Amino acid sequence: MTDQTDRPFRFGVNMFTAGTGAEWRAKCRRAEELGYDVILVADHLGMPAPFPSLVAAGAVTERARLGTYVLNSGFSNPTLLAREVATTDQLTGGRLELGLGTGYAQAEHESAGLPFGSPRERVDHLAHTAAEVGRLLADPGHVPAAAQPRVPLVIGGAGDRVMRIAARHATTMAFTGGGTGPDGTPRLLDPAALEERVAAYRRFESEERPAGLAPAELNFLVQIVAVDGDPLAKTGGLIGDVTHMTEEELLSHPVLLSGSVTEIADRLHAHRVRYGFTYFTILEPYMEEFAPVLKHLRA
């Protein structure tokens with residue numbers, strides 16, 4: 001595995017709700033005040049539209065980067081997406097980070113009248129989207145032009161084919177810790193299995209990374225934060241079955257950050273050493289609760 005221990009931490013907050021324009025702007029300003037490095041917007045029906053939300057966030061912040069976490073590539077035509085990306089990057093002063101994934105919610109595709117397709121078809125479309133958007137934005141004649149010479153690309157997923165796409169194109173590889181059980185239902189990977197997935201990604205990167213493209217930053221989605229509280233009381237909110245894990249495995253898993261502020265900071269350092277994760281995404285409901293940890297790490 002490529003050594004990541006010298007890479008500095010980054011922390012993003014993934015927003016789910018908008019409210020009024022004033023409420024959205026206040027929340028984004030607050031995220032920047034708390035020290036978050038990236039303000040992120042998900043891509044699900046029933047949640048705020050990503051690009052308008054990021055432009056609004058950019059208008060009231062100065063330092064924070066702005067990202068999609070992650071776009072459902074099945075919702076987008078690559079040519080139209082490149083226009084959205086370039087425009088948003090210009091309007092936010094070159095602070096955009098484009099996150100892409102295959103999409104997993106069949107009901108959302110059906111509601112939008114879009115084909116869901118097989119897993120292979122969804123990964124094929126992700127590969128085409130990543131390559132085509134990158135090609136269009138790199139074209140000096142593309143109008144509009146992005147503000148950044150290269151808009152950072154985040155690829156989210158855990159399967160071999162998705163990780164190979166990330167190895168070829170992404171500046172950040174994002175892990176959720178998700179997997180499937182023997183019956184095909186969502187299941188959280190145990191720490192050893194998660195470590196294997198990271199090692200697999202690094203193998204793909206060593207085989208397929210283009211010359212001149214630096215090793216990708218590794219991101220992880222934190223699902224629960226429990227500062228000085230009972231972490232096991234919140235495990236019902238985890239995405240995926242965890243009954244195959246021991247309590248020790250669950251409490252040491254990066255999906256769940258629990259303990260005192262100092263203990264959580266120590267856990268993050270341990271995750272950086274074990275997995276190479278240096279960029280952590282915190283969910284909006286835990287934005288304030290995690291803030292003291294962020295302050296402690298930056299002290």
Side-chain angles (χ1 to χ4, degrees), residues 1-5 7 10 12 14 38 40 42-43 67-74 76 78 81 97-105 116-135 150-181 184 186-223 239-240 253-255 271-281:
M1 183 189 300
T2 303
D3 184 23
Q4 296 284 306
T5 56
R7 190 189 289 265
R10 289 205 304 159
N14 200 25
V38 194
L40 300 160
D43 186 24
T68 57
Y69 194 82
V70 292
L71 290 184
N72 184 332
S73 62
S76 300
L81 178 58
E97 299 187 2
L98 173 64
L100 291 175
T102 60
Y104 60 86
F116 185 57
S118 67
R120 174 169 291 278
E121 289 170 331
R122 294 197 298 279
V123 175
D124 286 345
H125 185 65
L126 172 63
H128 173 65
T129 300
E132 186 65 4
V133 170
R135 182 190 70 81
R150 178 187 174 97
V151 175
L153 176 63
V154 181
I155 296 286
D160 285 0
R161 289 190 66 216
V162 171
M163 291 197 295
R164 286 186 183 275
I165 295 168
R168 293 192 294 270
H169 299 286
T171 48
T172 299
M173 174 67 211
F175 294 85
T176 65
T180 55
R187 183 180 190 178
L188 194 67
L189 297 174
D190 64 47
L194 177 59
E195 192 171 19
E196 184 279 326
R197 287 287 78 199
V198 174
Y201 172 72
R202 287 308 189 194
R203 288 196 302 273
F204 299 146
E205 196 173 66
S206 69
E207 298 165 358
E208 305 188 31
R209 196 76 168 169
L213 187 57
E217 170 188 52
L218 300 187
N219 167 269
F220 190 81
L221 173 63
V222 177
Q223 295 185 28
I239 300 172
H253 201 291
V255 77
H271 296 328
R272 178 164 61 180
V273 171
R274 180 173 185 179
Y275 305 101
F277 298 145
T278 58
Y279 174 16
F280 292 87
T281 298

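Quick note: numbers below take in every heavy atom, side chains included, and nothing from hydrogens, waters or symmetry partners. Keep in mind the model is a prediction, meaning the values are calculated, not measured.
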Could you check if a side-chain atom of Arg164 sits within less than 4.5 angstrom of a side-chain atom of Glu207, using non-hydrogen atoms only?
yes

Verify, without hydrogens or angle tests, whether Thr171 (side chain) and Leu153 (backbone) share a donor-acceptor contact under 3.5 angstrom.
yes

Count the heavy atoms belonging to other residues, nucleotides or ligands that lie under 6.0 Å from OH of Tyr104, then report whether that count exceeds 12.
no

Under 30°, 30 to 60°, or over 60°: which ring-plane class applies to Phe175 and Tyr201, parallel, tilted or perpendicular?
perpendicular

Keeping Arg209 on the side-chain end and Ala167 on the backbone end, is there a donor-acceptor pair under 3.5 Å?
yes

Donor-acceptor check, side chain of Arg272 to backbone of Arg7, threshold 3.5 angstrom: yes or no?
yes

Can you tell me how far apart OG1 (Thr102) and CG (Asn72) are? Round to the nearest 0.5 Å.
7.5 Å

Does the Arg122 side chain pair with the main chain of Gly117, one donor and one acceptor, at a distance under 3.5 Å?
yes

Looking at His169 and Ala127, would you say the former's side chain and the latter's main chain have a donor-acceptor pair under 3.5 Å?
no

Under a 3.5 Å distance rule, please check whether Glu205 uses its side chain to pair with a backbone N or O of Ala216 as donor and acceptor.
yes

Nearest-0.5 Å distance, CD1 of residue Ile165 to CG of residue Leu126
4.0 Å

Phe220 and Tyr275 aromatic centres sub-6.0 Å:
no

How far does NE2 of His253 sit from CG of Asp190, to the nearest 0.5 angstrom?
7.0 Å

Do the side-chain N and O atoms of Thr281 and Asn219 include a donor-acceptor pair separated by under 3.5 angstrom?
yes

Should Leu98 and Thr68 count as side-chain neighbours, where that means a heavy-atom distance under 4.5 Å?
yes

With side chains defined as the heavy atoms from C-beta onward, is the minimum distance between Leu194 and Pro254 less than 4.5 Å?
yes

Okay, side chain of Ser76, backbone of Ser73: is any donor-acceptor separation there less than 3.5 Å?
no

